[in-house]
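Have a look at the structure below, then the notes.
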Amino acid sequence: MLDPRFVRENQQVVETALKNRGQERDLSGFVALESEKRALQTSLDGLRHERNTVSQQIGKLKKEKKDTTDIQRKMREVGDRIKDLEQTIAEKDEALKALLMEIPNVPHASVPIGADENDNQVCRTVGEPPSFDFEPKNHWDVGEALGILDFERAAKITGARFPLYMGDGARLERALIWFMLELHTTRHGYKEVLPPFMVNSASMTATGQLPKFEEDLFKISGWDYWLVPTAEVPVTNIHAGEIIDEDALPIYYAAYTPCFRSEAGSYGKDTRGLIRQHQFNKVELVKFVAPETSYDELEKLLENAETVLKELGLHYRVVTLCTGDLGFSSAKTYDIEVWMPGQQKYREISSCSNFEDFQARRGNIRARQKGKKGTRLVHTLNGSGLAVGRTLAAILENFQQADGSVAVPEVLRPYMQGKEAITP
RNA sequence: GGAGAGAUGGCCGAGCCGGUCGAAGGCGCUCGCCUGCUAAGCGAGUAGGGGGUGAAAACUCCCUCGAGGGUUCGAAUCCCUCUCUCUCCGCCA
């Protein structure tokens, strides 16, 4: 959520931001409503002031055994006017809030302006694509041939877009989770967190999934609970409503969770394989930082995620998302795209974003500097470190061998009972 | 699931026979004094959010004592609903 005062004072800036995101919109209605509301608020405050002072006088008069029925009658009228005004203001407030909740974050100045993913900027390419002396297969073909992925049975158990890992497939998935968590907690300074996999509506609203993107989520019937679409939601909400000592910043969390997404509107896209599932595993990195450090922290976060790919020996590139492709809550996002030889394509495997104070304002996450008065909103960031299912897919495609086996990256072998390859 | 207790400022904790209580006291923190250094001691200050005036410092008003309603001229204090926490019983991995 943007600061209503910022929107009021920088209407042009916000409108330009919306335009760059491909959502042209006139905000003068909002600004007018906002000033109307403030005017009403001022007169309400005046009435309340009158009531407060007169009520105190009544108390004193009563102590002196004086008659107060006339003043009380008058105050009852004032009370009615207060109630009316409160009602009106509450309505306007709600309308304002509803508008504000639907306005996305303002992109950072360094974000390239563009319409869609075709305007994203590749900022670096790391490593080389592997060469094969045979035709590399898709990961689902590799996995099904090895008996480690079974989409047919997953569909029987649940439905389309669910994974079923068997044997070394399940072990490799678990090894990746283990490896990523170890890397981030021991080398990158993150604290490990294992949060709830369901969250309430308040949490979903704080991080920006609600109210606008309800159709992307799975809801628990009969409860105000939702399945998490990413660990970003429970982990960012760890500090919702809190005031953090600035000395404690930056706070780094690493969390494994499964992620549940309805993938509404993606019919016919990536229908096969592990790329687009209703349920997938992810290790997420979340940061709470002082505002002036957040862009440095974004670069570090990105590096932390890249390290996973480097250690695994996977070829990838880093892309800066343009304004048109930027997520709702994000001010700046880097995507990491891993090379998938079976598909001859780069596929997103991580997304690292700086939300600035957008989520912190929705979730009321503040910090206090020692000895200083007041508080300020922290900046929040998060990034996948990495999407585990897609990483497993990348391993199957990049390290497949002519005989159908898949080489196990060296760093994973300790978690794979020393196995050098997965064989049929 | 049944019975009971509770939720107050950064933390602990009074208040809860309605009125000068946004709130005693303590801890913590900040500034000053004191002091070979440190500790202790002494004094002052110290919740958050919003509005108005002001260049600013500041001043001033309103709201907030788990959340939401209600009673009242007036609610941390009384009533109702909800959420969460704790204790006992039952059940359960």
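Values reported hereafter were calculated over all heavy atoms of this structure, with side chains retained and with hydrogens, waters and symmetry mates removed. Below, chain A is the first sequence line, B the second, and so on; all start at residue 1.
- Ring to ring, A/F260 and A/H278 are not that close: their centroids are 6.0 angstrom or more apart.
- Across all strands shown, B/rG41 pairs with B/rC33; the Watson-Crick or G-U wobble distances both stay below 3.5 Å.
- Near RNA chain B, defined here as any heavy-atom distance below 4.0 Å, there are no residues from residues 86-103 of chain A.
- The six-membered or imidazole ring of A/F328 lies near that of A/F358, with a centre-to-centre distance under 6.0 Å.
- Between the C1' atom of B/rU64 and the CG atom of A/D45 lies a distance of 13 Å, rounded to the nearest Å.
- Shown are A/K191, A/E284, A/H239; of these, the side-chain hydrogen bond (donor to acceptor under 3.5 Å, both in side chains) with A/Y253 is made only by A/H239.
- The partner of B/rA58 is B/rU53, by the rule that a Watson-Crick or G-U pair needs both atom distances under 3.5 Å.
- Nucleotides B/rG6 and B/rU77, compared at atom P, are 14 Å apart to the nearest Å.
- One atom, NZ of A/K63, and another, C1' of B/rG74, lie 13 Å apart when rounded to the nearest Å.
- Contact annotation for A/K83: backbone-only contact, meaning every heavy-atom pair under 4.0 Å involves sugar-phosphate atoms and none involves a base.
- Close to B/rG74, at under 4.0 Å from its OP1 or OP2, lies no side-chain N or O of A/N52.
- Spacing of C1' atoms, B/rG19 relative to B/rC80, comes out at 24 Å, to the nearest Å.
- With hydrogens and angles left out, the side-chain atoms of A/D45 and A/T42 include no donor and acceptor closer than 3.5 Å.
- Straight-line distance from the CZ atom of A/R38 to the P atom of B/rG51: 7 Å, rounded to whole Å.
- Side-chain proximity of A/R366 to the nucleotides B/rG51, B/rG48, B/rG19 is greatest for B/rG48.
- Across every strand in view, B/rU71 sits unpaired, with no contact that passes the Watson-Crick or G-U test at under 3.5 angstrom.
- Inspection of the A/E297 and A/Y252 side chains reveals an N or O donor paired with an N or O acceptor under 3.5 Å.
- Looking only at side-chain heavy atoms (C-beta outward), A/V319 and A/C123 stay at 4.5 Å or farther from each other.
- Across all strands shown, B/rU77 forms no Watson-Crick or G-U wobble pair with both distances under 3.5 Å.
- Taking for each of A/E50 and A/R5 the nucleotide of RNA chain B with the nearest heavy atom, the 5'-most of the two is the partner of A/R5.
- Rounded to a whole angstrom, the distance from the P atom of B/rC12 to that of B/rG66 is 14 Å.
- Heavy atoms of A/R51 sit under 4.0 angstrom from primed sugar atoms or phosphate atoms, though from no base atom.
- As judged by a 4.0 angstrom heavy-atom cut-off over every strand, A/T375 is placed among residues touching the sugar-phosphate backbone only.
- A donor atom on one side chain and an acceptor atom on the other are found under 3.5 Å apart for A/T333 and A/S353.
- The CD1-P distance, from A/I244 to B/rA47, rounds to 21 Å in whole Å.
- No hydrogens or angles considered: a donor-acceptor pair under 3.5 Å links the side chains of A/S294 and A/N354.
- As rounded to the nearest Å, B/rC86 and B/rC73 have P atoms that lie 41 Å from one another.
- When the P atom is used for both B/rG50 and B/rA7, the distance is 28 Å, rounded to whole Å.
- Within the shown strands, nothing qualifies as a pairing partner of B/rA14 under the Watson-Crick or G-U definition with both distances less than 3.5 Å.
- Using Watson-Crick or G-U wobble geometry with both donor-acceptor distances under 3.5 Å, B/rC91 finds no partner in any strand shown.
- One P atom belongs to B/rG18, the other to B/rG28, and the distance between them is 37 Å to the nearest Å.
- Taking atom C1' on both nucleotides, B/rC79 is separated from B/rC16 by 14 Å, rounded to a whole Å.
- Under the 4.0 Å criterion applied to side-chain N and carboxylate O atoms, A/E263 and A/R261 are not assigned as salt-bridge partners.
- Across all strands shown, B/rU83 pairs with B/rA7; the Watson-Crick or G-U wobble distances both stay below 3.5 Å.
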Could you please spell out the steps behind the salt bridge (Lys or Arg N to Asp or Glu O under 4.0 Å) verdict for A/E36 and A/K92? CA-CA 9 Å; A/E36 196 183 330; A/K92 296 204 184 291; 3.0 Å; yes
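- Figure legend. B/rG28 is base-paired to B/rU46; pairs are counted as Watson-Crick or G-U wobble with both atom distances under 3.5 Å.
- OP1 and OP2 of B/rA47 both lie 4.0 Å or more from every side-chain N or O belonging to A/R368.
- As judged by a 4.0 angstrom heavy-atom cut-off over every strand, A/K74 is placed among residues making no nucleic acid contact.
- Note: CD (A/E77) to P (B/rG74) measures 13 Å, nearest angstrom.
- Side-chain N/O atoms of A/H49 include none lying less than 4.0 angstrom from OP1 or OP2 on B/rC61.
- Rounded to the nearest Å, the gap between the C1' atom of B/rC42 and that of B/rU53 is 39 Å.
- A/R8 comes within contact range of the sugar-phosphate backbone alone, with a heavy-atom separation under 4.0 Å but no base atom that close.
- Among the atoms of the strands shown, none is found under 4.0 Å from any heavy atom of A/K60.
- Using a 4.0 Å heavy-atom distance criterion, A/I58 is classed as a base contact.
- Between the CG atom of A/D245 and the P atom of B/rU30 there is a distance of 11 Å, rounded to whole Å.
- Nearer the 5' end of RNA chain B, as judged by each residue's closest nucleotide, is the contact made by A/R376, out of A/R73 and A/R376.
- Atom pair A/N364:CG and B/rG66:C1' shows a separation of 15 Å (rounding to whole Å applied).
- B/rG50 atom P lies 16 Å from atom CZ of A/R48, rounded to whole Å.
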